[in-house]
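A short worksheet on the structure shown next.
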Amino acid sequence: MNRTMLTRILSNPGNVKTKFQALQLHAQIIITGNTSSSSHTSTLISIYSNFNNLLHYTILLFHTLHSPPSLVAWKSIIRAYTSHTLFHQALYSFIQMRGFGIYPDHNIFPSVLKSCAVIMDLRLGQSVHGSIIRCGMGSELYTCNALMNMYFKFQGFVALNVFDEIPQRKGVCCTKDLSFGSSESEIKIGSFVDSVRKVFELMPKRDVVSWNTVIAGNVQNGMYEEALIMLREMGNANLKPDSFTLSSVVPIFAEYVDVIKGKEIHGYAIRSGFDSDVFIGSSLIDMYAKCTRMEDSLRVFDLLPRRDAISWNSIIAGCVQNGAFDEGLRFFRLMLSAKIQPMPVTFSSIMPACAHLTTLHLGKQLHGYIIRGRFDENVFIASSLVDMYGKCGNIRMARWIFDRIESHDIVSWTAIIMGYALNGYGNDAISLFEQMEKEGIKPGYVSFIAILTACSHAGLIDRAWDYFNSMTENYGIAPGLEHYAAVADLLGRAGRLEEAYELISNMHIEPTGSVWLTLLAGCRVHKKTELAVKVAEKIFGVDPDNMAAYVLLSNVYAVSGRWKEVAKLRICMRNKGMRKKPACSWIEIKNKVHAFSAGDKSHPYYDRINEALKVLLEKMEREGYVADTNEVLHDVDEEQKKTLLFSHSERLAIAFGVITLPAGTTIRITKNIRVCVDCHTAIKFMSKILGREIIVRDNSRFHHFNGGECSCGDYW
DNA sequence: CTAGGGTTAG
């Protein structure tokens, strides 16, 4: 190859199609001794920068330039850095280029603006905008699109309240190095949406990307109505929504829980042939799931021709959010066997399933996976681990992980406080809450649920009122159903039933059946039949099929011996097709869950369990245990009542734990309804006699039995 | 030759 041929090739760099050709060309330049020609080298840099894994050659060549790099060379190196997500380096090169007095041309600005947007350099971004205007590029289509995108990213950044961090985020980009723009320009918080509007309005021509950028930006900043207006205007401008538009718009209807509108978009996507798009698919899966339409969600997932990590995340999160925990776990396993790498969010989505199922072994397994994948430093994941261990009753592990989180945010604080609350350590929860406030973290809606739960489970009425009032007065948070329920529950169980009734009657939002239900439970504990009937009527007024209310009311009647009423209720329930869910307890032994229901004789070890219970009972009675048959709500004689008590599901599960687990280890069981008074007393005796910790999780909390005491302080 | 999208914990 001679010089003329070389020049011809280099004058038409678009002809270089493969990496091999590029390398060959490089060799030719060296062979023909043309290395000192900076125009040849610049062309080669630009050729190299088009290829993905030739970044090192690009950089190397760039630094061998003898004379100051040309605009082509600068653009190539900036483009190469940007495409390798090395945004700081890209911006540094841009600033250097300006330092050489070289004027950028229109097609370099989009990359520069993107880099500013990614590394959140607000100052440089605005400064580049100034120079764009001064270069007369202020109405160039691509540049304007990139500008609008950048300003929307900035807006989101400001909304996150992390504005203080900006000086540290400057990185290598020091504004003073810029030879253009006002280096000390003030950043006006909240003006970024206005900046977008200005850019958008001044655009002489807008394409689909312009509209998509504005629509997506509005959605990401929570301005849904504005986004929908823009969608309509886009149509008026005779531009058809594409797959990008649709996948930005679908999340709006997920947020609005508007499945009708969501389906409309879905239909449009199908008609336009976008329904196999992974992006749209994922947002549709999420939208249907948030609208509790899991069948539709699953169908979209099944019909996707290609599934990436995000489609898997969406379906897993959807299942878990809708309470289909086993299904969620199934998809998680399928994801792993489909060889799709889980992402940090995957764990955050699946963890609540372990927390709800209290499958500690599964949670531990996931924790192991997280540590091996080095995901454990992610705050999201750490918080969900704290939550999971707290909800599985392993408060020590929850605390251990909590203490290892570098900087605690509101979510991790709330998770640990809730952990202590559920496990009956009300005072620890309160001192953590105070510590959180001291460290300047403002408690939010959920934090108050946690602290009120803590007060409720520890019987701290005055503290609860203090927090309940301070929530509105000091933090401007209006109490929601959960807050009312926690306080009503506390008052109810403390016997202050009239006060609870007053509270619920004067709520600023309409009370639901479940709020009244807490009071009904209080009536049952304190045997207040008249009030119970009144409360039950309130419940059936808003929620006629509330089964828990039927069960509680029938228990209230049973306590006061009104068996006729009990029978009437039973018939009523049967007519409504309701069946009382049988009491059931579980214990996990060697990763296997063993379930027991009261009087259940089906377990293969039944004889040994029964024997163990008998031995235990003898020892308990010697220690002073007397069976309390008051709580047996069946119209039977004393002896039968005792037999019924002794075969309660929690006792069977504990006895099975005693005969299978090594002596001294903790026995953990889960029960689907509240543990009864007599079993609570009995388990206290058991923990003392056996000299081991027994942890019982019922449907609302944990009981840690140790040395004859329970963490709930007999208050539950 | 440069620009835009989906999933997340209490």
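Just so it is clear, the model here is predicted, and its values are computed rather than measured. Just so we're on the same page: letters track the sequence lines, and every chain starts at 1. FYI, side chains are in, hydrogens and waters are out, and symmetry mates aren't considered; it's all heavy atoms of this structure.
Note on A:Ser243: a base of the nucleic acid sits closer than 4.0 angstrom, heavy atoms only. Within the 4.0 angstrom heavy-atom criterion, base atoms lie near A:Asp409. Counting non-hydrogen atoms under 4.0 angstrom, A:Ile416 reaches nothing in the nucleic acid. Nucleic acid contact for A:Met148: none, since no nucleic acid atom lies under 4.0 Å from a heavy atom of the residue. Residue-level contact check: A:Pro344 touches neither bases nor backbone, having no heavy atom under 4.0 Å from any strand. Using a 4.0 Å heavy-atom cutoff across all strands shown, A:Glu482 reaches no nucleic acid atom at all. Nucleic acid contact class of A:Val278 (heavy atoms, under 4.0 Å, all strands): base.
With rounding to the nearest 0.5 Å, the separation of OG in A:Ser46 from CG in A:Asn50 is 6.0 Å.
When each of A:Arg197, A:His129, A:Lys198 is checked for a side chain to side chain donor-acceptor pair (under 3.5 Å) with A:Tyr151, only A:His129 meets the rule.
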Quiz: residues 312-320 of chain A side-chain donor-acceptor pairs under 3.5 angstrom, not counting sequence neighbours:
unit_1, atom_1, unit_2, atom_2, d
A:Asn313, OD1, A:Thr346, OG1, 2.8
A:Ser314, OG, A:Ile310, O, 2.8

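At least one donor-acceptor pair under 3.5 Å links the side chain of A:Trp74 to the backbone N or O of A:Pro69. Side-chain N or O atoms of A:Asp121 include none that pairs as donor or acceptor with a backbone N or O of A:Cys116 at under 3.5 Å.
Here the range on DNA chain B touched by chain A, meaning any atom under 4.0 Å from one of its heavy atoms, is B:dC1 to B:dG10.
Geometrically, A:Arg396 does not engage A:Trp400 in a cation-pi contact defined by less than 6.0 Å to the ring centre and at most 45° from the axis.
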